[in-house]
Structures are given as C-alpha cells and as structure tokens.
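Have a look at the structure below, then the notes.
What you see is a predicted model; the values in this text were computed from it and never measured.
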Amino acid sequence: MSSMTIGPIAGSAADPSERSALLFWMIFTGLSVFAVVLLWRFGLIRLMLTSDRTYISSVIALLYVLTCGHCFLRTRAIAREGAAARRCRAVLAAPGGGKALEASAATLPRGLVRDHIESLVTKAAAQDYRRVDQTLLLRTLADRLRGSNGFGAFVSDTLMKLGLLGTIVGFIIMLAPIAGLDAADKVAMRSSMGLMSDGMAVAMYTTLAGLVGSILVRIQYYMLDAATQRVFSDAVVLTETYVTPVLERQGVEFKGVEFKGVELKGAGIKGAGTSS
C-alpha cells in the first residue's frame with residue numbers, strides 16, 4: 001500500500017475550498033480543450049489522424065478522453081468527501097459536539113470520514129474505552145479515499161507504451177520496402193520513398209500522441225492525489241483533535257464509575273458484617 005504524507009494544517013482559514021479540486025480540474029481541462037481547438041483549427045490534429053494508418057493515435061486520444069471522465073468522477077467524489085469532513089469538524093468543534101459520538105456518530109454528515117469515526121467509536125467501546133490506536137483504521141481510510149486513483153498511473157503508462165508501439169510499427173512500415181528496393185526502377189523508388197515517409201509519420205505522430213497524453217494524465221491525477229491527501233490530513237487532524245480525546249475521556253469516566261461501584265459494594269458488605 002502506498003503511503004500518504006500527512007502535512008500540517010494551519011487551521012480552518014487554510015482549508016481548501018469545497019470545490020477547489022473540481023475548479024483546478026476544470027481549469028486544466030479547459031486549457032487542454034482550448035489547445036485542442038487551436039491545433040484542430042490549424043489542421044495539425046486532422047493531419048495526424050489521416051497520416052496514422054495504424055489508428056494508434058486515435059486509440060490514444062479515445063483512451064485519454066475516457067480517462068479524463070474517470071478523473072472527473074474521482075475528483076468530484078473527493079470534493080464531496082472533503083466537504084463532508086469539514087462539516088463533521090464543524091459539528092464536533094461546536095459546544096457539546098462530543099455528544100454526536102454517543103450515538104456511534106450516526107448524526108454526522110455521511111462520508112468516509114464519518115465511517116472512520118464510527119469505527120473508532122465501535123473500537124473504543126469494544127476495548128472498554130482504553131487508549132485508542134487508529135493506525136490500522138487510518139490505513140484503511142487512506143485506501144478507501146484513494147479508491148481507483150491508481151487507474152491514472154496505469155493509463156499514463158499505457159499511453160506511453162502505445163506511443164512506443166506506434167514508433168516500432170512506424171519503423172517497420174518505413175523499413176519494409178528497402179528489402180525489395182531496385183535502384184534502377186524509378187517508379188519503385190518513388191513508391192518506396194512514399195511508404196518510408198508514411199512509416200516515419202506513423203512513428204512520429206504516435207510517439208507524440210503517447211507522450212502528450214501520458215503527461216496530461218499524470219498532471220490530472222497529481223492534482224487528484226493532492227486533493228485526496230488534503231482530505232486524509234483533515235481526517236487525521238479531526239479525529240486526533242475532537243474524537244479520540246472524547247473517547248479516552250469517556251474511558252476515564254467509565255473507569256471512575258466502575259471503581260465507585262466497587263467501593264460502594266465493598267462498603268455494603270462491610271456494613272452488613274458490622275450489624276451482625
């Protein structure tokens with residue numbers, strides 16, 4: 001499991017906006033669409049698609065579009081989780097917010113952070129409210145927050161390899177006519193030069209498409225991972241500040257009540273012996 005770095009949080013003023021992750025994705029995607037429109041207007045994209053007889057560039061473009069859709073869905077999910085985490089903190093930080101933990105945190109806003117808090121409450125109750133170690137639960141929360149974010153690294157690597165595949169195929173197309181090349185036949189020479197040019201175009205355009213697509217996918221999922229890390233950091237600060245202290249304080253009160261009950265019971269036995 002990949003580790004997630006927990007960065008310092010300066011407070012509520014430094015928290016990212018509820019829609020900041022989506023905003024960054026929309027800005028980046030808008031700039032990408034603008035660049036595509038410019039390239040199409042100058043005929044470069046049309047030239048690439050018509051010159052690539054293997055259609056590898058088209059496959060790369062289609063895969064990139066599908067990946068952008070997946071990144072949008074994941075970014076929206078992370079934005080919602082971040083908003084839910086901030087609402088949970090607002091509830092728990094309010095006066096008397098610790099009472100929200102009495103009903104297993106069921107009154108908190110829905111989300112993965114609330115599920116994590118519910119697991120902490122259940123664990124604390126199961127171990128008689130002793131000191132709560134949430135290391136393993138935090139690892140589970142990190143995995144659930146990351147979800148299918150690893151799909152971006154897979155697609156980025158795939159796009160790069162598709163570009164490399166196009167390069168190899170293009171060189172095969174370019175070098176294939178050389179074996180039967182006859183220097184005395186001008187018509188064959190002209191045809192061979194045309195095939196070599198087509199092969200070089202396939203190699204260059206597929207390589208370019210693979211590299212550009214891989215870089216753009218990497219940038220999108222880097223922003224997504226950064227937003228996921230912020231939500232995870234918020235969850236850690238929230239639970240360490242407002243949840244585990246309340247649970248441990250309940251443990252102290254629970255032990256105090258239990259100890260007082262034992263004392264009262266012992267006093268009753270002693271009193272009964274004296275009266276007899």
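Atoms CD and CG, from Glu81 and Leu141 in turn, are 8.5 Å apart once rounded to the nearest 0.5 Å. In this structure, CG on Leu159 lies 9.5 Å from OH on Tyr64, to the nearest 0.5 angstrom. In this structure, Gln220 CD and Arg74 CZ are separated by 14.0 Å, a value rounded to the nearest 0.5 Å. Taking OG of Ser156 as the reference point, atom CD1 of Ile219 lies at 10.0 Å (rounded to 0.5 Å). Distance check, rounded to the nearest 0.5 Å: OH of Tyr205 to OG of Ser57 gives 9.5 Å. The distance from atom SG of Cys71 to atom CG of Asn149, rounded to the nearest 0.5 Å, is 8.0 Å.
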| field | Verdict with reasoning, Ser51 to Met204, per side-chain contact (heavy atoms from CB on, under 4.5 Å) | value | CA-CA 10 Å; Ser51 300; Met204 294 297 103; over 6 Å; no
| query | Do Cys68 and Thr29 pass the side-chain contact (heavy atoms from CB on, under 4.5 Å) test, and can you show the C-alpha distance, the side-chain angles, and the key distance before you say yes or no? | reply | CA-CA 8 Å; Cys68 287; Thr29 304; 5.7 Å; no
| task | Evaluate the criterion side-chain contact (heavy atoms from CB on, under 4.5 Å) for residue pair His116 and Leu112; output intermediate values, then yes/no. | result | CA-CA 6 Å; His116 175 69; Leu112 295 179; over 6 Å; no
| said: Set out, in order, the CA-CA distance, both residues' side-chain angles and the distance that settles salt bridge (charged side-chain N to carboxylate O under 4.0 Å, His left out) for Asp115 and Arg144, then state yes or no. | reply: CA-CA 11 Å; Asp115 294 343; Arg144 295 182 66 186; 3.5 Å; yes
| message | Would Val169 and Leu165 count as a side-chain contact (heavy atoms from CB on, under 4.5 Å) here? Give the steps. | response | CA-CA 6 Å; Val169 172; Leu165 176 63; 4.2 Å; yes
| said: Before you tell me yes or no, could you show the steps for Arg139 and Asp143 under salt bridge (charged side-chain N to carboxylate O under 4.0 Å, His left out), namely the whole-Å CA-CA distance, both residues' side-chain angles and the distance that decides it to 0.1 Å? | reply: CA-CA 6 Å; Arg139 292 179 181 177; Asp143 288 339; over 6 Å; no
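Note: the hydrophobic cluster containing Tyr242 also contains Val121 (ILVMFWY, side chain heavy atoms under 4.5 Å, direct or indirect links). One hydrophobic cluster holds both Met223 and Val231 under the rule that ILVMFWY side chains link at heavy-atom gaps under 4.5 Å. Hydrophobic clustering of Ile, Leu, Val, Met, Phe, Trp and Tyr side chains at less than 4.5 Å, counting indirect connections, unites Phe154 with Leu216. In terms of hydrophobic clustering, with Ile, Leu, Val, Met, Phe, Trp and Tyr side chains grouped at heavy-atom distances under 4.5 Å, Leu47 and Val36 are assigned to a common cluster. Residues Leu49 and Ile60 are members of separate hydrophobic clusters, defined by side-chain heavy-atom contacts under 4.5 angstrom among Ile, Leu, Val, Met, Phe, Trp and Tyr.
A pairwise comparison of heavy atoms in Leu238 and Ala85 identifies CD2-O, 4.1 Å as the closest pair. Smallest separation of non-hydrogen atoms from Ile56 and Leu162: CG2-O, 3.6 Å. Between Val155 and Thr67, the shortest heavy-atom contact is CG1-OG1, 3.1 Å. Shown here for Leu22 and Thr75, the closest heavy-atom pair between the two residues is N-CG2, 3.7 Å.
Side-chain atoms of Arg87 never come within 3.5 Å of backbone atoms of Pro109 as a donor-acceptor pair (strictly under, hydrogens ignored). Put simply, the side chain of Thr207 gets close to the backbone of Ala203: a donor and an acceptor are under 3.5 Å apart. Judged by distance alone, the side chain of Ser214 and the main-chain N or O of Leu211 form no donor-acceptor pair under 3.5 Å. The backbone N or O of Phe28 sits less than 3.5 Å from a side-chain atom of Ser32, completing a donor-acceptor pair. Listed for the Lys123 side chain is a donor-acceptor partner under 3.5 Å among the backbone atoms of Asp133. A donor-acceptor distance shorter than 3.5 angstrom exists from the side chain of Thr239 to the backbone of Val236, with no hydrogens or angles considered. Between the side chain of Asp52 and the backbone N or O of Val202 there is no donor-acceptor pair closer than 3.5 Å.
Side-chain contact check for Leu92 versus Ile117: some heavy-atom pair is nearer than 4.5 Å. Using a 4.5 Å cut-off on side-chain heavy atoms (C-beta onward), Tyr221 and Leu224 make contact. Two residues are said to be in side-chain contact when any heavy atoms from C-beta on lie closer than 4.5 Å; Ser20 and Arg230 meet this criterion. Using a 4.5 Å heavy-atom cutoff, the side chains of Ile173 and Thr54 are in contact.
The neighbour count for Phe171 CZ, taken as heavy atoms of other residues, nucleotides or ligands under 6.0 Å away, does not exceed 12.
The aromatic rings of Trp25 and Phe72 sit tilted, their planes meeting at an angle between 30° and 60°.
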